[in-house]
Amino acid sequence: MDSATSDRAALQATADNGLKIVVVGGFGVGKTTMVRSVSEIRPLNTEETMTRAGEAVDHLDGVQSKTSTTVAFDFGRISLDERSVLYLFGAPGQERFWFLWDRLFSGTLGAVVLVDTRRLADSWYAIDRLEHHGTPFIVACNDFGGPLHTEQQIREALALSDDVPLVECDARDRSSSKYVLITLVEYLHALSQRGAGARSGALDTAPSAAARTGLAPAKTPEPTP
Amino acid sequence: MTRPRRPGRDDDPDRLYTLTGGRSRSDSDAFDLVTLVVSECEPTPGMQSEHATILRMCQLPTAVVEISAALGLPVSIVRIMLSDLLDTGRISARHPRTARVADRLPDPDILEQVLVGLRNL
Ligand SMILES: Nc1nc2c(ncn2[C@@H]2O[C@H](COP(=O)(O)OP(=O)(O)O)[C@@H](O)[C@H]2O)c(=O)[nH]1
Ligand SMILES: [Mg+2]
């Protein structure tokens, strides 16, 4: 048991405020890679178990029963100063995961939706859910060397409102991943200074989920030559 | 790279039941994923081994999610064990100071601290 903890870099004794940012995206989009690029510890993996009804299992009669399911996620850590430590979570965008969002990620500062521009439709559901939960997010396009799209093409395919930042990145690169996080936090800071009303206003004017889900995959932008 | 362990999945229900005394704990909700846990005592002989591991790991502040990963147990089970340890004064908990209210943005001061920390990376 102790071997599990021996290679763990400990936090300072003064650490007293844990903060969360979540990187959401489809399988293989580079979430773990991004966490690893900026984390001071090797990414760790854990899980939460829940019932079909969306309750986390906290009494364990029949925890393994057919009605419970398990969601795995990984995380890394960045010590910001002697008191604050930022935890970065890599979370799958799949449907069952969202039942656990409130339980795991309430109080999250914000989210990065990581997308592979060859598979834009994979991120529609995550964007819908973040809007639904009122979690502010930015979109980062991970560079897999695929065909280039214009920013406008990507915004249209994702039905992304103009005020949501859209950046390109290479999740393998530390400074690129750091830039993604800074872009998110600068955006959050701007929102927080606009005051409490600004966010619900932004949500009202955001393109509707229907616009996105109504978008046939065929309308995913054609590669620019 | 080895395949990441799937914590908890191999544990039989009886074992998980024993770990938590079979109880459901609503006050375990107080533990956020990033609540930092600090031990207030040494492990004692005969103590449940998971409790002893938690006390050893948390000599310096350790987040709930790191405890979950190290023990290979689901977060909700760890939260229940931590509630027990807290009730008996064997740990203290440093909860996050960001608002947990769903439609509230974080404090601009906290965001500025985060920006400074990230830029210094
Ligand atoms: N070309 C390229 N490959 C990447 C990039 N980011 C991640 N990968 C690779 O894509 C694969 C999946 O990445 P991973 O982080 O495991 O994805 P996850 O499932 O979202 O956690 C790995 O083999 C990575 O090395 C990137 O920016 N460019
Ligand atoms: Mg991964």
Side-chain angles (χ1 to χ4, degrees), chain A residues 1-2 4-5 8 10-13 15-20 38 44-50 56-64 70 72 74-75 77-81 84-87 89 102-107 109 133-134 136 174 178 181-182 185-186 188-189 191-193 196 199-200, chain B residues 4-9 12-13 16-17 19-20 22-26 28 32-36 49-50 53 56-57 59-63 65-66 68-72 74-77 79-80 94 96-100 102-108 110-119 121:
Chain A
M1 217 35 112
D2 282 343
T5 67
R8 187 177 65 92
L11 290 177
Q12 293 184 58
D16 70 354
N17 195 22
L19 303 164
K20 286 175 284 197
V38 290
L44 297 171
N45 183 276
T46 191
E47 66 177 17
E48 182 59 305
T49 304
M50 64 177 182
V57 172
D58 59 6
H59 61 99
L60 292 153
D61 318 289
V63 65
Q64 310 285 308
T70 291
D74 51 20
F75 64 94
R77 187 179 83 192
I78 301 169
S79 293
L80 294 168
D81 55 45
S84 306
V85 50
L86 175 64
Y87 284 84
F89 293 91
D102 281 333
R103 195 175 171 87
L104 294 176
F105 296 120
S106 67
L109 298 178
H133 285 274
R174 179 175 167 90
K178 176 179 149 181
L181 296 180
I182 289 174
V185 181
E186 282 175 341
L188 298 173
H189 189 255
L191 287 179
S192 75
Q193 291 206 313
R199 222 167 105 197
S200 50
Chain B
R5 182 160 169 230
R6 288 276 166 265
R9 203 165 285 166
D12 72 88
L16 291 175
Y17 191 88
L19 285 178
T20 60
R23 273 158 299 127
S24 162
R25 290 285 309 249
S26 55
S28 71
D32 193 277
L33 278 190
V34 299
T35 292
L36 298 172
S49 79
E50 287 78 8
T53 303
R56 272 193 298 273
M57 307 186 55
Q59 283 164 358
L60 285 167
T62 305
V65 70
E66 292 184 77
S68 165
L71 289 177
V75 173
S76 49
I77 304 302
R79 281 169 159 160
I80 295 169
R94 302 175 183 177
R97 288 195 298 273
T98 35
R100 293 196 66 179
D103 58 353
R104 274 263 215 81
L105 280 161
D107 183 2
I110 288 185
L111 294 170
E112 278 159 31
Q113 283 170 28
V114 176
L115 276 175
V116 170
L118 288 175
R119 290 192 178 117
L121 267 189

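Reckoned from all heavy atoms, side chains included, excluding hydrogens, waters and symmetry mates. Letters A, B, ... are given to chains in the order of the sequence lines, protein chains preceding strands, and every chain is numbered from 1. Since we're looking at a predicted model, the values are computed, not measured.
- Under 3.5 Å, the side chains of B:Ser76 and A:Glu48 contain a donor-acceptor pair of N or O atoms.
- Using a 4.5 Å cut-off between heavy atoms, B:Leu118 contacts chain A through both its backbone and its side chain.
- Each of B:Leu36, B:Thr35, B:Ile110 has some count of heavy-atom pairs under 4.5 Å with chain A, and the biggest count is that of B:Leu36.
- Side chain of B:Ser68 to backbone of A:Thr46: no donor-acceptor contact under 3.5 angstrom is found.
- Here the side chain of B:Thr62 pairs a donor or acceptor atom with the backbone of B:Leu60 at under 3.5 angstrom.
- Ion pairing between B:Asp107 and B:Arg97 fails under the 4.0 Å rule for side-chain N and carboxylate O.
- Looking at A:Glu186, the atoms closer than 4.5 Å to chain B (heavy atoms on both sides) sit in the backbone and in the side chain alike.
- Side-chain contact check for A:Leu19 versus B:Pro96: every heavy-atom pair is 4.5 Å or farther apart.
- Only the side chain of A:Asp81 comes within contact range of chain B, judged by heavy atoms closer than 4.5 Å.
- Using a 4.5 Å cut-off between heavy atoms, A:Leu86 contacts chain B through its side chain alone, with no backbone atom that close.
- Ranked by non-hydrogen atom pairs under 4.5 Å with chain B, the options A:Asp16, A:Asp74, A:Leu109 are led by A:Asp16.
- No side-chain donor-acceptor contact under 3.5 Å links A:Ser84 to the backbone of A:Leu80.
- Proximity to chain B is limited to the side chain of A:Ile78, based on heavy atoms less than 4.5 angstrom apart.
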